[in-house]
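The structure appears right after this line, and notes come after that.
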Amino acid sequence: MNEKPKAAIYWLAACGGCDETIVDLNEALLSVADAVDIVLWPVAMDFKYSSIRSMKDKEIALSIIHGSVRNSEHEEMARLLREKSQTVLAFGSCACFGGTPGLANFRSRKDIFQWVYRDAPTVVNPKGVYPMTETKVLDHTLKLPELFEKVYPLDRIIDVDYYLPGCPPPPDLVANAVSAVLEGKLPPRGSTLAPHRPLCDTCPRNESKPPKIEIPEVRRVHMVEADEGKCFLAQGLLCLGPATRSGCGETCIRVNTPCRGCFGPVEGVDDGGAKFVSCLAALLSAEDEAEATRVTDGIADLPGTCYRFTAASISLKGKS
Amino acid sequence: MSVKATGPLPFSPKLVCFTCRFGWGYLNGSKAIESLHNVIPVTCSGKVDASHIMEAFKSGADGVLILGCPDGECHFQNGNYQARKRVLLMRKVIEAFGIEHDRLAIELDMDPEGSKIEPLIEGMRERISRLGPLSPKGVTANQACTGKENLR
Ligand code: SF4
């Protein structure tokens, strides 16, 4: 009889980058594969959902779930894996906060359908063919999952035990998380398996920050050649480092790209986007109202910038 | 935070108001402020973080009003300017989340008696009542997927 603990790796609304980072464990992946019995990993191996359904409750030791919940199939699989698993790890920014797919929450589902299937300049759809959840073909009824009005982070749908953010999470944190589970050395449930400090604290450019940053005009990366040694904010480029959890290895900063916030808010903060807005407001140099209006109006897509990875984690009432 | 509605408008908007203690209603103790619902005195309008504004909307507010000191008269240095910049930015952010920007406003003025607070709140409630209530959008996936609206 196989005594190895069972593990599942599953994707919901995801791009596949999280699977890639697991593959990037390289040789370490082989020892993981020795230590556990992988019962589900659609991107790498062939398994049937029915074999998961027939398992006993909590039979799987660990389910690593990445991607956000966007449609009814995602919801069904998330609930199934929750039922069958002792521990669920929300893996990657989409599972933790909705990720970039969560930006869709700035639009209604109807807007998105109309754009994608009718109004986009590249669409030719004279018959108005739209995807349906049910279609009759001869005697058969074909079914598709239903797209939800909103994108949801995983913990809005099921209980999540641990979080590992990142787009994708870096291999060192993945390896730490997997060995912590295998060795039973996990922190309290609900913890995020990444450092607590903000990115600026670990950023190699932090030293270069002037005592006071003043931004008379927000610039965009394609408009300037960024100085490789200098804090991006001090160059008028939006960098989410002050409001983002560290742990990524500063990979973007090292290739001269400002932080986009994929690690989500720092420990203890729910709404990292709002925290960044507060920080940014203080840096914009504008005393009078006209000047403040001019500077703020010059920022391209402020909401998308501040909430690039976390829009879906914000539950607000609103007009649809 | 729980947010209460007041007043006789057809749709009764719930408004949260942050007032700077230095400029607004500091005479007569704080009576002018205490009698009003959802008015939160702060030590400087610059203390109002963008996340407090979001928190008010998340807690059910239909609008948020910030009252700070006039230009050049911040008790500290320039907290009122900081608040104004935050409001300008947050008006763009809430719009993206489906909340009209007019539901967030800032007034920089001086009102030691606190007599202008109530009329300002009433004026904003009236403007918001014309915008209508904010509606909850699909809170859980289950609710969302039962909404069989026509997507065309
Ligand atoms: S703002 Fe960005 S570039 Fe500047 S120190 Fe923080 S993370 Fe580094």
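Just so it is clear: chains get the letters A, B, ... in the order the sequence lines come, proteins before strands, and each one is counted from 1.
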- Item | Side-chain H-bond candidate by donor/acceptor type, A/Asp271 with B/Ser51, under 3.5 Å | no
- Judged by modelled atom types alone, do A/Arg260 and A/Thr244 share a side-chain donor-acceptor pair under 3.5 Å? no
Do the side chains of [X] and [Y] get close enough for a salt bridge, i.e. N-O under 4.0 angstrom?
{"X": "A/Asp159", "Y": "A/Arg82", "answer": "no"}
{"X": "A/Arg79", "Y": "A/Glu83", "answer": "no"}
{"X": "A/Asp301", "Y": "B/Lys92", "answer": "no"}

- Query: Picking from A/Val269, A/Leu302, A/Thr296, A/Asp111, which has the most non-hydrogen pairs under 4.5 angstrom with chain B?
  - Reply: A/Thr296
- Task: Among A/Gly272, A/Cys279, A/Pro303, A/Cys306, single out the residue with the greatest number of heavy-atom pairs under 4.5 Å to chain B.
- Result: A/Pro303
Side chain, backbone, both or neither: which part of [X] has an atom under 4.5 Å from a heavy atom of chain B?
{"X": "A/Asp297", "value": "both"}
{"X": "A/Tyr307", "value": "side chain"}
{"X": "A/Ile112", "value": "neither"}

- Note on the structure: Nearest heavy-atom approach of A/His74 to A/Ser68 is ND1-O, 3.9 Å
For [X], is it the side chain, the backbone, both or neither that has a heavy atom under 4.5 Å from a heavy atom of chain A?
{"X": "B/Asn78", "result": "side chain"}
{"X": "B/Tyr81", "result": "side chain"}
{"X": "B/Arg84", "result": "side chain"}

- Could you check A/Val277 against B/Met90 for side chain to side chain contact (heavy atoms under 4.5 Å, CB included), going step by step and ending with a plain yes or no? CA-CA 7 Å; A/Val277 170; B/Met90 283 308 288; 3.6 Å; yes
- Item | Pick from B/Leu88, B/Val87, B/Val48, B/Asn80 with the largest number of heavy-atom pairs that fall under 4.5 Å of chain A | B/Leu88
